[in-house]
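This report refers to the structure that appears directly beneath it.
Excluded from the calculations below are hydrogen atoms, water molecules and symmetry mates; all remaining heavy atoms, backbone and side chain alike, are included. Chain naming here is simple, since letters A, B, ... match the order of the sequence lines and numbering starts at 1 in each.
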Amino acid sequence: MLSYLLQRFLSIGLSLLAVSLLVFLMVHLIPGDAAVAILGERATEKALAELRAEMGLDKPLYHQYAKFLWDAAHLDFGRSFKTKQPVVDEIKRYFPATAELTLAAMAFSIIFGIAAGIIAAISRGTFLDYFSMSVSLAGISMPIFWLGLMLILLFSYFLPILPSSGRLDVILDLDVQTRTGFYLIDTLLTGNYAAFKSAIVHLILPAITLGTIPLAIIARMTRSSLLEVLNQPYITTAYAKGLPRWKVISKHAMKNSMVPVLTVIGLEFGYLLGGAILTEHIFSWPGLGSWLRAAVEARDVRAVQGGVLFVATVFMLVNLIVDMLYAYFDPRIRVGDEAK
Amino acid sequence: MNTSITASSQQHIFRKLLKHRSATIGASIILFFMLVAIFAPLIATHDPRQANIVERLQGGSASHYLGTDKVGRDIFSRIVYGTRISLKVGLIAMTFSVGFGTLFGAVAGYYGGRIDNLIMRIMDMMLAMPSILLAMVIVTILGQSLTNAIIAVSIVYIPQYARILRAAVLKVRELDYVTAAKVIGASNSRILLTTVLPNCLAPLIVQATLGIGAAILDAAGLSFLGLGAEIGEPEWGAMLNENRDLIRRAPLAVTAPGVAIFLIVLGFNLLGDALRDALDPQID
């Protein structure tokens, strides 16, 4: 287990190094002067000269890269030329909103995806099975940005029960004290229950939008994996012992069918971080995705560099956690490793 | 799995496809959109780019089947012309990424060793972040336009094809007929092109079909974010973005482009799934 972990950490380190190289080279790949690319066309000659000196643009590339890495390791990505704020502060400000949305979407897709998969598997060949599998096929081809707009049309317009943008009602927004940046937690900590309720209501549509495609994929994987396990001899043995069906499924089949489902969940987390960019744009959700989109649009290079490196790091850490969970669910991974 | 496609098995695969329900549905959808794209000038009732402020935000009617958008452009005609853009995006992006993916995957798999390691590590790096994020980095570098969105999407999908082809080549290069070709004295590039590659096509065809749908979806996503097609172009993603704040006043303007994207992507997904079954000799 330990050598496995070390190996994984090493590979994450290498991948991050590679991503940082790409992000670093971005400045130099933009046609024209790198300093102009960062500060924009309208920057003064003085500001440009200062930046050139600061980044060491007259020094060799490897020297510049080393400096970039050193700064990145100290969470210093420079200032956004659009907002003039340090990029790391912006990331800190916007990330909790994205994390809250992503986690809510993940919870939604895991709970309903696994449930739908189990129902489809144990009622194989019936209407329920076909229905849930057709819905999930449709879910995979659905453009997430369109799904979001349709949900707004349905639940904010035809049936006006849910809000269509933002994280809170505007009036409540002012009295929320941010401690963690997670509104659900902050409002509970301060006992602001009206705001808590508003935060939950605002979270519903974005979370469903973002969670639907992963839900479809998780449901399909749960179904096929569970069907495979249910054909194993030890399941027959469990039935032969006289165990009730729910116990066979929950105790014997479920745990063993979870490994491939976990793989998919891990992969989907990466998708969620990407999908969050689209979802945040639909619902004017003030998160990292909206911020990054605006940065790309404005060609705010420093912000894009910091944002991309940050999201890639989160993505890899999530995948690491998923890998560690495999070991819990599938002892063969642990034992096989120790036996070597 | 034997990955070769011979002339006699081609007929067999085609028969399997004909019997496959999702293949017929998928192919029909794709054919439909292709016909729409080809005959767009005949089908469209208006100029897709012509604004007409007097007729803005109308509902569906006999003169505007799907109504008009906020500057009075005919939505039906824009959807019809958008088919050309989407198919173009999907096909160009797929061709580009399959081309480079094949090259990298084949070289990595066939030569192995250091070249393999170098190429595959670069591919891993590209997979180390969500695809839309990588596409956004590329758009930042190149600037915003539909062409650059196509380039971004093409680059993002190269690693998938490279991985698939590498795996197929690794399997094929150990087979007897490759050894035979070496014994005759054929050069490496000749063996790769005439002996190895033709026998690795099956998995590539499946992935390329699914890849067209994925490329269309991603490019529409970039345009929806305002990072792809230029404003005013009849591109489906951009149309959704332009009209999203008018969702209450012109619901059709945001419903119709989404349905179009959904259907065309569904078509390629259905056909891709069916091809996978048809090309798999174990399913008969």
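With contacts defined as side-chain heavy-atom distances shorter than 4.5 Å, the pair B/F76/B/V80 qualifies. Within the 4.5 Å cutoff, the side chain of B/L225 has heavy atoms near those of the A/I277 side chain.
With a threshold of 4.5 angstrom between heavy atoms, B/L142 approaches chain A through N, CA, C or O but not through any side-chain atom. For A/L292, the parts lying under 4.5 angstrom from a heavy atom of chain B are both the backbone and the side chain. Looking at A/A298, there are no atoms closer than 4.5 Å to chain B (heavy atoms on both sides), in backbone or side chain. Both the backbone and the side chain of A/I282 have a heavy atom closer than 4.5 Å to some heavy atom of chain B. With a threshold of 4.5 angstrom between heavy atoms, B/L227 approaches chain A through side-chain atoms but not through N, CA, C or O. Within the 4.5 angstrom heavy-atom criterion, atoms from both the backbone and the side chain of A/M26 approach chain B.
Residues passing the ring pair (Phe, Tyr, Trp, His ring centres under 6.0 Å) test with A/F315: none are found, sequence neighbours excluded. Here B/A108 pairs with B/D116, B/I119, B/M120, B/R166 under the side-chain contact (heavy atoms from CB on, under 4.5 Å) rule; sequence neighbours left out. Listed by chain and residue number, nothing satisfies the ring pair (Phe, Tyr, Trp, His ring centres under 6.0 Å) test with A/F155 (two or more places apart in sequence, or in another chain).
A distance of 11.5 Å separates CG in B/L217 from CG in B/L266, rounded to the nearest 0.5 Å. Here the straight-line distance linking atom CZ of B/F268 with atom CD1 of B/I216 works out to 5.0 Å at 0.5 Å rounding. Interatomic distance, CD1 of A/I265 versus CD1 of A/I217, reported as 11.5 Å (0.5 Å rounding). For the atom pair B/M123 CE and B/Y161 OH, the distance stands at 13.5 Å (nearest 0.5 Å).
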Using only distance (under 3.5 Å, no hydrogens or angles), which donor-acceptor pairs connect chain A and chain B?
residue, atom, partner, partner atom, Å
B/T140, O, A/R299, NE, 2.9
B/T140, O, A/R299, NH2, 3.2
B/I141, O, A/R299, NH2, 2.7
B/F224, O, A/H281, NE2, 3.3
B/L225, O, A/R293, NH1, 2.5
B/N241, OD1, A/H281, NE2, 3.1
B/R244, NH1, A/H281, O, 2.8
B/R248, O, A/Y157, OH, 3.2
B/V254, O, A/W146, NE1, 3.1
B/T255, O, A/W146, NE1, 3.2
B/N269, ND2, A/S141, OG, 3.1

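In terms of non-hydrogen atom pairs under 4.5 Å with chain A, the most contact-rich of B/P257, B/G213, B/G267, B/G143 is B/G143. By number of non-hydrogen pairs under 4.5 angstrom with chain B, the leading residue of A/G275, A/P143, A/A312 is A/P143. When A/V301, A/I152, A/I30 are compared by the number of non-hydrogen pairs under 4.5 Å with chain B, A/I30 comes out ahead. For the set B/L127, B/L134, B/V259, the entry with the most heavy-atom pairs within less than 4.5 Å of chain A is B/V259. Interface remark: of the candidates A/G289, A/A138, A/A295, A/A138 forms the most heavy-atom pairs closer than 4.5 Å to chain B. Contact count against chain A (heavy-atom pairs under 4.5 Å) is highest for B/A220 among B/G237, B/A220, B/A135. With respect to chain B, the highest number of heavy-atom pairs below 4.5 Å among A/V311, A/V304, A/L153 belongs to A/L153.
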(request) Determine, step by step, whether A/F310 and A/F95 satisfy the ring-ring contact (aromatic ring centres under 6.0 Å, His included) criterion, reporting the C-alpha distance in whole Å, the side-chain angles of both residues, the deciding distance to 0.1 Å, and the verdict. (result) CA-CA 10 Å; A/F310 178 79; A/F95 179 63; 4.9 Å; yes
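Within a 6.0 Å sphere centred on OH of B/Y65, heavy atoms belonging to other residues, nucleotides or ligands number 12 at most.
Looking only at distances, a side-chain donor or acceptor of B/R84 sits under 3.5 Å from a matching main-chain atom of B/A37.
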